[in-house]
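Both backbone and side-chain heavy atoms feed into the values below; hydrogens, waters and symmetry mates do not. Atoms within each ligand, like the ligands themselves, are counted from 1 in listed order.
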Amino acid sequence: MTMLDLVIRGGIVVTASDVSRCDVGVKDGRIVALAEALPSAPHEIDATGRLVMPGGIDSHVHLAQPGGPGIVMADGFETGTRSAAVGGNTTVLSFALQERGASLRESVEAYHLKAKGQSFVDYGFHLIVTDPTPAVLGQELPALVSAGYPSFKVFMTYDDMVLTDRQLLEVFAVAREQGALVMVHAEGYDQIKFMTDRLERQGKTQPYFHSVSRPELVEREATHRAISHAELIGIPIMIVHVSGREAMEQIQWARGRGLKVHAETCPQYLVLTADDLKGLNMDMSGAKYVCSPPPRDRASQEAIWRGLQSGVFQTFSSDHCPFRFDDEAGKTGPKARTSFRWVPNGIPGIAARLPILFSEGVSKGRISLQVFVALSATNHAKMYGLYPRKGSIMIGADADIAIWDPDRKVTLTQELMKHGSDYTPYEGIEVTGWPVKTLVRGVLVNDDGDFVGQIGHGQFLPRETSREALR
Ligand code: DUC
Ligand code: ZN
Ligand code: ZN
């Protein structure tokens, strides 16, 4: 055997299908050997008593994205991917947002400039299509799909991003032609607008009323509509950030009809509820939890767990969309204080995602280790065209590995998250199980809380059209 660079020795190796005790041999950033006892190497990590798992892939994060006039996102690629590594992640898929009137291709180039040399973990981009002009539909999207961006997100709400039903259908038709996967933000624009106007007229402007303005039926209606559009065009779709039972039922209904509908959920729907948006006596601290769709109630959390256990959900992502709380350019700016309508939507969670899923899922006996790996890494790689290079521990794969101490008890705090936001919505949650080391292509980036990564180590990942997602 050629000399190995690194051996991870004595750990329990977990994949989406198996759990086995073996050593992992790394050469030139790839996994080249799995065996009961590998020869020694210049670098060794003792993983006795630890779990050796594929590094997390977070396929839904927002970094360096404009948040509207006067609003600044709290993470660019440096702090966002640092926080990702702390949370046991080795790849992130972020969004390249087309602002209305802009060329999609130029938007993608702008995001490359923001990310280049700034990332600690590997990264790719989904496209957000907000302005599907004939040039975007006819030339830019097809060229970008071939160039390594085979997934786009579309919005059914937000003034500056919403697509009409006709536009959704046009984008879906391009996805069909090009073999791309469409991710859908399923909440209906008109219902939200109507509710928001009415709540404001009633003087109900505190952050909590964000959740009242977009109840589950708003998500259910849009999910059904997106599925119907996808059926009409004949494409699979991915419904992202599913928050509760009502949207899940639509997804299950569609699958019962033989439609290919994928689904994602996120930690906020497992451990937060709409009551968190009440803050302290309905004050602005509720803005810390404003995200869309909003967290629901305990029964919804249980429904989401059942969905994670039964295969309704393929991926578990953070939807990391960070803003600062105590900041004019964040959650409590001058406009945000006048109405929930203006509170930027989104919360940080890139570092907390996997500890929450592990602790609430594996440690509490709700899901197996294999399901954890599938939901945290393998299915993301398969869905978005990164498999088998990413998402598993097998010969030939990149040595993207998170080593977990399954017994470590940690209280989640802002200080631990290492993100650019000034708070975490998960403050004070106690978890059992923690990612103690993160390796990206064989290079240690997070060593038990010591951040040892090299900025710029993270590489751009052009992706393939995913047969898994489209089949
Ligand atoms: N949708 C997202 O996917 N992320 C944050 C905000 C939003 O509406
Ligand atoms: Zn969304
Ligand atoms: Zn998002």
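Checking His60 against the Zn ion (ligand 3), an N/O/S atom falls under the 2.8 Å cut-off. Contact annotation: His241 places no N, O or S atom under 2.8 Å from the Zn ion (ligand 3).
Taking the N/O/S atoms of Asp319 in turn, the shortest distance to the Zn ion (ligand 3) belongs to OD1.
Aromatic pair Phe372/Trp404: ring centres closer than 6.0 Å. Aromatic ring centres of His210 and Tyr289 lie farther apart than the 6.0 Å criterion allows.
For the pair Gln167 (side chain) and Thr164 (backbone), a donor-acceptor distance under 3.5 Å is present. In this structure, Glu187 contributes its side chain and Val218 its backbone to no donor-acceptor pair below 3.5 Å. In terms of modelled atom types and a separation under 3.5 Å, the side chain of Arg220 and the main chain of Ala247 share no donor-acceptor contact.
For atom 4 (N) of ligand 1, the nearest non-hydrogen atom from the set Ile128, Val61, Ile347, Asp319 comes from Asp319.
For ligand 1, the atoms closer than 4.0 angstrom to any heavy atom of His60 are 2 (C), 3 (O). Close approach of ligand 1 to Cys321 (heavy-atom distance below 4.0 Å) involves ligand atoms 5 (C). If you number the atoms of ligand 1 from 1 as listed, the ones under 4.0 Å from a heavy atom of Tyr158 come out as 6 (C), 7 (C), 8 (O).
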### Task
Decide yes or no on side chain to side chain contact (heavy atoms under 4.5 Å, CB included) for Leu181 and Met383, but give the supporting numbers first.
CA-CA 8 Å; Leu181 180 63; Met383 195 65 61; 3.8 Å; yes
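Looking only at side-chain heavy atoms (C-beta outward), Leu93 and Asp58 stay at 4.5 Å or farther from each other. Taking 4.5 Å as the limit, every side-chain heavy atom of Ser300 sits out of range of all side-chain heavy atoms of Tyr269.
The protein heavy-atom contact nearest to atom 3 (O) of ligand 1 is Lys153 NZ, 2.4 Å. If you check which protein heavy atom lies closest to atom 1 (N) of ligand 1, you get His185 ND1, 3.2 Å.
The ND1 atom of His185 and the NZ atom of Lys153 subtend an angle of 130° at the Zn ion (ligand 2), given to the nearest 10 degrees.
Residue Asn345 has no N or O atom closer than 3.5 Å to an N or O atom of ligand 1.
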